[in-house]
Undergrad: 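Before I ask anything, let me first share the structure, which is written out below as structure tokens.
A note on names: the letters A, B, ... follow the listed sequences, proteins ahead of strands, and every chain is numbered from 1.
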Number of protein chains: 2
Amino acid sequence: MTAAAVRVLIADDQAMVRGALAAVLAAQSDIDVVGEAADGEQAVRLTGRLHPDLVLMDVRMPVLDGLQATARILGDPRGHRPRVLMLTTFDLDDYVYEALRLGAGGFILKDATTDDLLSAVRIVASGDALLAPSVTRRLIEDFARTRPAGPRPSARLNALTEREREVLTLVARGLSNREIAARLVLAEQTVKTHFGRVLSKLDLRDRAQAVVFAYESALVAPGPRA
Amino acid sequence: MTAAAVRVLIADDQAMVRGALAAVLAAQSDIDVVGEAADGEQAVRLTGRLHPDLVLMDVRMPVLDGLQATARILGDPRGHRPRVLMLTTFDLDDYVYEALRLGAGGFILKDATTDDLLSAVRIVASGDALLAPSVTRRLIEDFARTRPAGPRPSARLNALTEREREVLTLVARGLSNREIAARLVLAEQTVKTHFGRVLSKLDLRDRAQAVVFAYESALVAPGPRA
DNA sequence: CCGGATTTCGCCCCGCCGGGCGATGTGCCG
DNA sequence: CGGCACATCGCCCGGCGGGGCGAAATCCGG
């Protein structure tokens with residue numbers, strides 16, 4: 001499955017670094033360096049023209065920094081969306097989080113070895129993600145902090161029958177009993193019975209608390225919606 | 001900086017796998033294999049006795065699986081807390097998330113190369129974290145989904161006055177109008193007025209939908225609360 | 001100093017919600 | 001076959017929630 005070589009665009013303001021990266025990458029048979037940019041604006045422009053598979057993007061650059069450039073590139077819905085591998089000297093939290101929000105596929109430090117860089121390029125180009133270990137660590141800590149327990153409220157969720165969970169899920173979407181009845185093809189009274197049991201089993205008072213419970217127990221999760 | 005060798009405990013129910021891992025790790029000068037466990041219970045017991053620096057833990061094991069064993073080991077507040085590197089054949093979401101919640105430092109697939117394994121052991125032992133690329137990818141996606149924008153505050157939230165936001169926040173915690181009035185030292189009618197405006201401004205029908213909105217707009221977030 | 005925004009509160013109305021009690025049918029298990 | 005859990009629906013009712021209408025008091029900016 002020797003596919004075509006990965007087309008890479010290098011964006012770094014330091015010519016020496018840029019040269020070194022280009023040399024290392026170009027030496028690989030499965031990697032083609034299709035262009036180099038000295039600032040974020042050039043990176044955006046060249047991405048639009050060369051449509052590389054991956055942009056190796058330094059965070060700190062003049063004119064337009066790596067984050068803004070990434071935002072422009074990945075934020076354009078009609079354009080070509082390459083993978084972006086962020087490159088930085090320090091692993092500052094804000095940069096990491098912002099880059100991840102923007103959709104960057106990876107984040108590696110400049111003190112990484114040549115082998116690390118090459119494997120990072122290949123991995124990110126393939127659609128997977130790669131972070132520097134110390135970065136991953138913070139991401140995990142944050143993850144663990146955000147989603148503390150596992151079987152905490154879930155345990156109580158198991159006390160519900162399938163139908164009851166189904167009703168609760170719809171309640172958690174903001175539907176009224178009548179709307180739920182219509183959607184499930186049931187009598188409104190039946191929905192009330194099911195939901196009444198839900199409130200009783202979970203020791204909740206009203207639907208507002210039920211919605212809270214649904215979110216807290218991850219039965220439903222926040223996400224981009226209308 | 002040649003510190004003492006990393007003391008590793010191997011936990012895997014398949015003797016052959018266990019042997020292979022032990023052989024690979026023991027061949028390294030900076031790694032000592034101090035023990036082997038064939039199931040989760042043994043892993044917990046041996047960890048308490050040998051206090052290794054790192055436990056290489058298979059997810060699927062008899063008696064007590066890797067997740068439960070990890071929970072026991074890391075959940076014990078008084079005991080010794082080693083790093084835990086999870087090992088699995090498949091990268092199932094549930095396993096990953098649960099392991100991360102429990103505090104596992106890393107997660108690698110059994111199809112990783114020997115070099116990957118060794119670097120994973122060294123990285124996790126040093127306190128950093130490491131995940132298989134495909135796992136990292138999902139973690140990032142989840143992260144991006146949970147924390148959508150940077151300057152998040154839903155535009156519509158800005159249409160609310162300070163007091164209205166305050167009331168909405170309490171509604172989103174499951175409080176009734178009466179309870180909110182008591183907490184804010186107001187008449188119940190006042191709370192109804194404020195909340196009525198909230199529903200009107202945000203084009204919502206009832207408090208259930210308001211709770212949904214609060215979570216979706218990140219006015220409140222899922223997490224541990226009193 | 002006047003007008004708009006905000007906060008506060010009262011009264012009335014009625015619809016939906018939540019709870020209690022009962023009933024029927026179905027499938028499963030010992 | 002006799003329970004048991006689950007799903008389905010009905011009736012009744014008290015209360016909280018949501019909406020309309022009005023009205024003070026405060027603050028702030030033009």
Undergrad: First locate atom OG1 of A:Thr47, then atom CZ of A:Arg72, and finally report the distance between them rounded to the nearest 0.5 Å.
TA: 12.0 Å

Undergrad: I need the A:Arg83 CZ to A:Leu56 CG distance, nearest 0.5 Å.
TA: 15.0 Å

Undergrad: Using only atom types and a distance under 3.5 Å, with no angle test, would you say the side chain of B:Arg207 pairs donor to acceptor with the backbone of A:Ala208?
TA: no

Undergrad: With a strict under 4.0 Å distance from non-hydrogen atoms of chain B, what nucleotide opens and what nucleotide closes the contacted stretch of DNA chain C, reading 5' to 3'?
TA: C:dT6 to C:dC11

Undergrad: When rounded to the nearest 0.5 angstrom, what distance separates CG in A:Leu199 from CZ in A:Phe213?
TA: 11.0 Å

Undergrad: Does A:Arg197 have more than 12 heavy atoms from other residues, nucleotides or ligands lying within 6.0 Å of its CZ?
TA: no

Undergrad: Counting heavy atoms not belonging to A:Arg205, are there more than 12 under 6.0 Å from its CZ?
TA: yes

Undergrad: Within the sub-3.5 Å range, which N or O atoms of nucleotides 6-10 of chain D have a protein N or O partner, and how far apart are they?
TA:
| unit_1 | atom_1 | unit_2 | atom_2 | d |
| --- | --- | --- | --- | --- |
| D:dA7 | OP1 | A:Thr161 | OG1 | 3.3 |
| D:dA7 | OP1 | A:Arg163 | N | 3.4 |
| D:dA7 | OP2 | A:Thr161 | OG1 | 2.6 |
| D:dT8 | OP1 | A:Arg163 | NE | 3.3 |
| D:dT8 | OP1 | A:Arg163 | NH2 | 2.9 |
| D:dT8 | OP2 | A:Arg163 | NE | 3.0 |
| D:dT8 | OP2 | A:His194 | NE2 | 2.7 |
| D:dC9 | OP2 | A:Ala187 | N | 2.8 |
| D:dC9 | OP2 | A:Thr190 | OG1 | 2.8 |
| D:dC9 | O5' | A:Thr190 | OG1 | 3.1 |
| D:dC9 | N4 | A:Thr193 | OG1 | 3.2 |

Undergrad: Do B:Gln42 and B:Asp39 pass the side chain to side chain contact (heavy atoms under 4.5 Å, CB included) test, and can you show the C-alpha distance, the side-chain angles, and the key distance before you say yes or no?
TA: CA-CA 5 Å; B:Gln42 276 186 34; B:Asp39 62 59; 3.6 Å; yes

Undergrad: If we fit an axis to the first five pairs and another to the last five of the helix from C:dC1-D:dG30 to C:dG30-D:dC1, what angle do they make, to the nearest 10°?
TA: 40°

Undergrad: Pick out which of A:Thr190, A:Leu186, A:Leu168 makes a side-chain contact (heavy atoms from CB on, under 4.5 Å) with A:Arg163.
TA: A:Leu186

Undergrad: For the backbone of B:Gly196 and the side chain of B:Ser200, can you confirm whether one donor and one acceptor N or O come within less than 3.5 Å of each other?
TA: no

